[in-house]
Chemist: 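Here it is, the structure, as structure tokens.
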Amino acid sequence: MTENVVHLHKATDAAPTVLTVVPDAPPTRPVPLWVRSGRGVRHVVTHDTTKTAARAVARHSLYTFNGGRIVGRRTWDGRTGARYERMMRAAEAAGNLEMAEEWEEKLQRFRTARHHRRMDLLHSPVEAAKGAAVGAGMSIGVLVALGVVMALNTGHLGDVITPLSATVDFIALLIRIVQVVWGPALSLGPFLALLALWSVGRKQHAAPAWALPANVRNGEGEPITPSIVVKALRDLGVPALARAIKEMGDAGASMLGPIRIAGCGVEVDVTLPSGVSTNEVQGKRRKLAENLTRHEHEVFITIPQAARTVRLWVADSGALDEPIGPSPLVTDDTMTADYAKGRAPWGQDLRGDAAALSLYQRHLLITGLSNQGKTVALRSLALWLALDKSVQFLMGDLKGVGDWAMFDGLATTLIQGPTDEHVIQVTEMVEGAVDEMNRRIQAPPGTVFPPLIVLVDEAQVAFMCPAKDAEKRPYGGSKANSRYFMAVRKIHNQGRAVNVLMWQGTQDPTNENLPKLVREGAHTRASLALGTESQARMALGDKAVDGGAAPNLLRPGLDRGTLVVASDGITIPAGQSSITVRTHYIDDDAAENITDRAKALRDGVTTLHATKREEEHDRLADIAAVIGDAPRVRTKDVLARLATLNADAYGGWSFIDLKRVLDDAGAEPYKSDGVMVVARDRIARALANRDGDGSASVDG
């Protein structure tokens, strides 16, 4: 039964004494002892300290055990021909019969030498005994002779045996020292041996990954060694490769060429065993990178010229996330360009070497997802080439946010804007370049023409434009009547010979926004991060992708400015079809400084800017339309109605503009009841007279 407890609150000056009755809380059921004990045990077992201690015990125990295995294996290899036999199996698995025969000869020489050593052991005890007897006799003779000399010198006959007795005492002292040390040595010897085995195991990290320390387990900064590469290939999940390496044993390193330092990483060629194709390794890039304790973007797999060989480039952990430094265009104010013989400083390759691109008579195409640095990469090439004062530019920026504004006063034509009207103007600009190309082709042989770069950024806007001209020919698309498409194709076909070159930048390449004939017409093709392999093939071509180019594996956002280039205008390692370049970033302010230097090299260029075209309007007909059937309308109302009809054309009109048109047509406004009005009859008569004369008052 629950009892009530009376609580007495002490009275104060402000309040009297209060008696409150508070019922006791209901009794709680005691927790069984075994439950509390179980919870405590579980807490102790799952605590981080317990886990850390358990891993430490397992790690150091396995260090000792596996260290013994390693020492035993080394001892066995040193005393038997096991090492030579593994090398022979490795060479046979790799199909290298000459190497297998060489290792077989070495094994035979080892066995012969071992046989001679064993035969020598049969005679060694007798020879050792004879040698010991002769040595002891000679030593005693020397000691006695020394004693005789001492006796003659001192005159004491007893000194004859003094050297001999001293030697005996020294030997007795050594025996006593051994007797004293032998016991502790027998006790400490096993512990010292275990310590030596533990040291060997610790250096080799001979423990499971879960038991290793966090810094070793994560593999951050772990150097790439032959054993690590072999293990990574063995665990790749390719059965034929795993079986071949298993037969090779530790000699799987025979598949590897020398590991060379290459920029911010290392490079190694791997000759695959028979039955393993290179694309099987290429298709497992992520797993190979993880086996090498790297991220996927830190491992690149290419195919060199050697048959059945893959070339691995493995970056140092985190090295690719570091910036590469400013462009020489920014740091060297005296730099100039040479279109024919020079190379544009574009960035650095993965090895840390400068990546420079030749632009001489090469059409250019750069693709990539949005906001990956495409415009900056394309602009940096144009900035370098602008420092050659002979180069002319026709530019169309179909993004229109000012990325190319610094070329105002440098480019002959600069069109900026994303609308269909801007596409029409860019198309006419490219068609004008085609006319210039045809003029150059018809010039006398040997005529030298200055380079003309026709540059269109965001070209996918032009290809996807739905607008049509007066003859119903589309500006966009990829059909034979597409004006932009055909103009680009004509420059691709014949422009190179007369230094008329087409440069294009486009997003997200597909057959719709980048037709096949256009992308295959570019001599230099580069791609930033893409979404799929099919897009990579459209951007760079099948040959480059089959050779290891993989812009689809670049990380959008993180690898901004990194692109894969397929071109004969850049130095590509022998046997590869592409190269990965980390481009320099040149911001808008630096770009303006470079263009200012380029403008100083020229006498002055007047840049033509595209202006918005006004639609053709029949002003007199529009005035008649807004008057309607009314006999006359106030001029104020006519102006308001015209602005409503077409704000762009008439929104800024005043009475003076209206009066000028009416006076020219012979339909002058007049006053009626004190206000200016426009008469319907006068407008109709003016229209009839105009149509009869065959003239037109049309604003173009």
Side-chain angles (χ1 to χ4, degrees), residues 263 322-362 364-366 368 372-395 397 399 401-412 414 450-457 499 501 503-505 524 526 528 559-565 567 569-571 579-605 607:
E322 299 294 331
I324 64 172
S327 169
L329 290 173
V330 177
T331 58
D332 186 359
D333 294 340
T334 63
M335 176 175 285
T336 58
D338 187 339
Y339 162 75
K341 300 179 181 179
R343 290 176 177 263
W346 210 6
Q348 293 180 2
D349 61 16
L350 295 178
R351 294 162 181 79
D353 299 329
L357 180 68
S358 172
L359 303 173
Y360 178 67
Q361 293 188 345
R362 290 179 176 87
L364 176 66
L365 172 65
I366 299 181
Q372 298 305 308
K374 170 179 52 61
T375 296
V376 173
L378 183 62
R379 189 176 67 182
S380 64
L381 298 177
L383 289 172
W384 176 80
L385 198 57
L387 297 175
D388 183 341
K389 63 181 181 180
S390 67
V391 178
Q392 302 172 0
F393 292 98
L394 301 176
M395 291 185 170
D397 175 17
K399 184 188 297 181
V401 296
D403 289 335
W404 298 88
M406 66 285 302
F407 281 85
D408 187 5
L410 191 60
T412 305
L414 178 60
L452 176 61
I453 306 299
V454 185
L455 189 153
V456 179
D457 195 10
N499 285 331
L501 303 177
W503 289 11
Q504 295 183 97
T524 295
L528 294 109
D559 289 327
R560 186 180 290 112
T562 299
L563 45 77
V564 183
V565 186
S567 171
I570 193 169
T571 302
I579 186 172
T580 301
V581 176
R582 303 173 67 197
T583 58
H584 295 294
Y585 176 72
I586 303 177
D587 59 24
D588 292 346
D589 293 337
E592 289 182 1
N593 292 333
I594 297 171
T595 53
D596 289 342
R597 287 158 43 198
K599 294 172 186 177
L601 299 175
R602 291 166 165 78
D603 295 333
V605 177
T607 300

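Positions are given from 1 along the sequence.
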Chemist: Show every side chain to side chain donor-acceptor pair (under 3.5 Å) that has at least one partner inside residues 340-349, sequence neighbours left out.
Modeler: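 Matches after skipping sequence neighbours: Trp346-Ser380.
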Chemist: List for me each residue that meets ring pair (Phe, Tyr, Trp, His ring centres under 6.0 Å) alongside Tyr585, sequence neighbours excluded, and say none if there are none.
Modeler: none
Chemist: Out of curiosity, Leu385 CG to Tyr360 OH, how far, rounded to the nearest 0.5 Å?
Modeler: 13.0 Å
Chemist: With a 6.0 Å cut-off (strictly less than), is the heavy-atom count around NZ of Lys599, excluding the residue itself, greater than 12?
Modeler: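 Enclosed: over 12 neighbouring heavy atoms sit under 6.0 Å from NZ of Lys599.
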Chemist: Where do Ala591 and Ile586 come nearest, in terms of heavy atoms and distance?
Modeler: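 Result for this residue pair: N-CG2, 3.8 Å.
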Chemist: Return the OG1 to CZ distance between Thr334 and Arg597, rounded to the nearest 0.5 Å.
Modeler: 7.5 Å
Chemist: Is there side-chain contact between Leu383 and Thr595, with at least one heavy-atom pair below 4.5 Å?
Modeler: yes
Chemist: Given the rule in the side-chain contact (heavy atoms from CB on, under 4.5 Å) test, do Leu414 and Phe393 qualify, once you have shown the distances and angles that lead to the verdict?
Modeler: CA-CA 9 Å; Leu414 178 60; Phe393 292 98; over 6 Å; no
Chemist: Can you tell me how far the CZ atom of Phe407 sits from the CE atom of Met395, to the nearest 0.5 Å?
Modeler: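 The CE atom of Met395 is 4.0 Å from CZ of Phe407, to the nearest 0.5 Å.
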Chemist: Could you report the tightest heavy-atom contact between Gly373 and Arg560, atom names first, then the distance?
Modeler: N-CG, 3.9 Å
Chemist: What's the spacing between Gln504 CD and Leu455 CG if we round to 0.5 Å?
Modeler: 9.0 Å
Chemist: Measuring only between side-chain heavy atoms, which start at C-beta, is Ile366 closer than 4.5 Å to Leu528?
Modeler: yes
Chemist: Looking at every non-hydrogen atom in both residues, tell me the closest pair between Trp384 and Pro345 and how far apart they are.
Modeler: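 In this case the closest contact between Trp384 and Pro345 is CD1-CD, 3.4 Å.
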Chemist: Counting only N and O atoms by type, is there a donor-acceptor contact under 3.5 Å from the side chain of Tyr339 to the main-chain atoms of Gln361?
Modeler: yes
Chemist: Would you name the heavy atoms of Pro450 and Gln392 that are closest together and state the gap between them?
Modeler: CG-NE2, 3.7 Å
Chemist: Any sub-3.5 Å donor-acceptor pair from Thr583's side-chain atoms to Gly561's backbone N or O?
Modeler: yes
Chemist: Does the side chain of Leu364 reach to within under 4.5 Å of the side chain of Leu378, using non-hydrogen atoms?
Modeler: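 Yes, close enough: below the 4.5 Å cut-off.
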Chemist: Taking salt bridge (charged side-chain N to carboxylate O under 4.0 Å, His left out) as the definition, give me every residue that meets it alongside Asp457, ordered by chain and number, with sequence neighbours left out.
Modeler: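 Salt bridge (charged side-chain N to carboxylate O under 4.0 Å, His left out) check on Asp457 returns Lys374.
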Chemist: For residues Asp397 and Gly402, report the shortest heavy-atom separation together with the two atoms involved.
Modeler: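 Closest approach of Asp397 to Gly402, heavy atoms only: OD2-N, 4.3 Å.
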Chemist: So, using salt bridge (charged side-chain N to carboxylate O under 4.0 Å, His left out) as the criterion, who are the partners of Lys399 when residues are at least two apart?
Modeler: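 Salt bridge (charged side-chain N to carboxylate O under 4.0 Å, His left out) list for Lys399, sorted by chain: Asp403, Glu458.
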Chemist: Measure across Leu394 and Thr412 and return the closest heavy-atom pair with its distance rounded to 0.1 Å.
Modeler: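 Shortest heavy-atom separation between Leu394 and Thr412 comes out as CD2-CB, 3.9 Å.
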Chemist: Does any N or O in the side chain of Arg379 come within less than 3.5 Å of the main-chain N or O of Ala377, such that one atom is a donor and the other an acceptor?
Modeler: no
Chemist: Less than 4.5 Å apart, any side-chain heavy atom of Leu359 and any of Leu501?
Modeler: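 No, their side chains stay 4.5 Å or more apart.
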Chemist: By salt bridge (charged side-chain N to carboxylate O under 4.0 Å, His left out), which residues pair with Arg602, not counting sequence neighbours?
Modeler: none
Chemist: How many angstroms lie between CD1 in Ile324 and NE2 in His584, if you round to the nearest 0.5 Å?
Modeler: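 Between Ile324 CD1 and His584 NE2, I get 4.5 Å after rounding to 0.5 Å.
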Chemist: Hey, could you give me the CG/CG distance between Asn499 and Leu452, rounded to the nearest 0.5 Å?
Modeler: 9.0 Å
Chemist: Using ring pair (Phe, Tyr, Trp, His ring centres under 6.0 Å) as the criterion, list what pairs up with Trp503, not counting sequence neighbours.
Modeler: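 Expected list: none.
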